[in-house]
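Here the structure comes first, spelled out in structure tokens, and everything after it is commentary.
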Amino acid sequence: MATHLGVIAVLVGAFSVQALAADFDFFYLTRQWAGGVCKHSHKQLDSEENRRSCKHYPDDDIFTIHGLWPNRNDGSWPQYCDESAEFRVDFGDEVMERLSSEWPSFYGSDYSFWKHEWTKHGTCAAPYIANEKEYFEKTLELKEKYDLMRILGASGITPSADRVYSRWGFENAIKAATGARALLVCSGRNPAILNAIWMCFSLDFKPIDCKAGTSSRCKDLLFLPIVRRNSV
């Protein structure tokens, strides 16, 4: 009898892990570009009502982190998987300094932004990410390993107020460096404005092709410089 109960316990445990693992299929690492996200002196953006005025800008010209998001192949995603989970934003000076520079909020407090990303997305990343410290450290690790400014710069793609790029230039540069196709996020059209780049990762954090395709509006796009105005 004890042997049977032991077998049942093992099977139940295995089923529980599989159930957790099956709740999503991959991760999006989403990074945003302040030169396209923020409303500022670029007339292409000032004419778009959906652009938001940024209160803060990154100190460096980098793609900053938006989040690491568990996602499903059918386009849905889990969210707010444990709203009772505490958020302790004390990961040591080195990590906190990196979060402030590489994962800033453009619109409000960094703390509120980080808490939102952890509560909405990070709590759903189990069993592949165990806690909030691991969530932020893993995201920073992926961002550093797959540095978009370095990857794009190696292919001659740099911010410009007037140079129009092809989406294929971006996608090919990232594919050559990572082995995987990324997803571009744009606003406007003819030409579009680059807002963000999303990379897809397997559950063991290897780059994979994003199944969702880049919108056709990104066919020709501007990679606008970051213009810092009224930063507080």
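All values reported here derive from a predicted model rather than from experimental measurement.
Between P207 and M199 the shortest side-chain heavy-atom distance falls below 4.5 Å. When side chains are defined from C-beta on, W77 does not count as touching F24, because their heavy atoms never get closer than 4.5 Å. Looking at I65 and L140, their side chains come closer than 4.5 Å, going by heavy atoms from C-beta outward. In this structure, the side chains of V37 and Y107 come closer than 4.5 Å at one or more pairs of heavy atoms. Within the 4.5 Å cutoff, the side chain of N71 has no heavy atoms near those of the F27 side chain. Under the 4.5 Å side-chain criterion, counting only non-hydrogen atoms from C-beta, W198 is in contact with V185. Within the 4.5 Å cutoff, no side-chain heavy atoms of K219 are placed close to those of S166.
The two residues A182 and I197 come nearest to each other via the heavy atoms CB-CG2, 4.1 Å. Between G67 and W69, the closest heavy-atom pair is CA-NE1, 3.5 Å.
Under the ring pair (Phe, Tyr, Trp, His ring centres under 6.0 Å) criterion, Y111 pairs with F87, sequence neighbours left out. In this view, K175 and D209 satisfy the salt bridge (Lys or Arg N to Asp or Glu O under 4.0 Å) rule, not counting sequence neighbours. Contacts of N73 classified as side chain to side chain contact (heavy atoms under 4.5 Å, CB included), with partners at least two apart in sequence or in another chain: D25, F26, K211. With sequence neighbours left out, L142 forms a side chain to side chain contact (heavy atoms under 4.5 Å, CB included) with L29, L68, K138, Y146, F201, F205. With sequence neighbours excluded, the residues satisfying ring pair (Phe, Tyr, Trp, His ring centres under 6.0 Å) with F223 are W33, F63, F170. In this structure, the side chain to side chain contact (heavy atoms under 4.5 Å, CB included) partners of S76, at least two apart in sequence or on a different chain, are R72, D74.
The CZ atom of R189 sits 12.5 Å away from the CG atom of L221 when rounded to the nearest 0.5 Å.
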**Request:** Could you check W114 against F136 for side chain to side chain contact (heavy atoms under 4.5 Å, CB included), going step by step and ending with a plain yes or no?
**Result:** CA-CA 9 Å; W114 300 333; F136 289 99; 3.9 Å; yes
Report all side-chain donor-acceptor pairs from residues 147-155 shorter than 3.5 Å, counting only partners two or more places apart or in another chain.
| residue | atom | partner | partner atom | Å |
| --- | --- | --- | --- | --- |
| D147 | OD1 | M149 | N | 3.0 |
| D147 | OD1 | R150 | N | 3.2 |
| R150 | NH2 | K145 | O | 3.1 |

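For residues 95-116, the pairs satisfying salt bridge (Lys or Arg N to Asp or Glu O under 4.0 Å) are R98-E102, R98-E144, E102-K143, with sequence neighbours left out. The list of salt bridge (Lys or Arg N to Asp or Glu O under 4.0 Å) pairs with a residue in residues 126-136, not counting sequence neighbours, reads R88-E132, K133-E137. Note on residues 102-197: pairs passing disulfide bond (SG atoms under 2.5 Å apart), not counting sequence neighbours, are C81-C124, C186-C218. Applying the salt bridge (Lys or Arg N to Asp or Glu O under 4.0 Å) definition to pairs two or more places apart or across chains, those involving residues 162-174 are R167-E171. Sorted by first and then second residue, the salt bridge (Lys or Arg N to Asp or Glu O under 4.0 Å) pairs with a member in residues 196-208 form an empty list; sequence neighbours excluded.
F113 and I62 are members of different hydrophobic clusters when ILVMFWY side chains are connected at heavy-atom separations under 4.5 Å.
The backbone N or O of P58 lies less than 3.5 Å from a partner atom in the side chain of R228, making a donor-acceptor pair.
Using cut-offs of 30° and 60° on the angle between ring planes, the pair Y135 and W103 is tilted.
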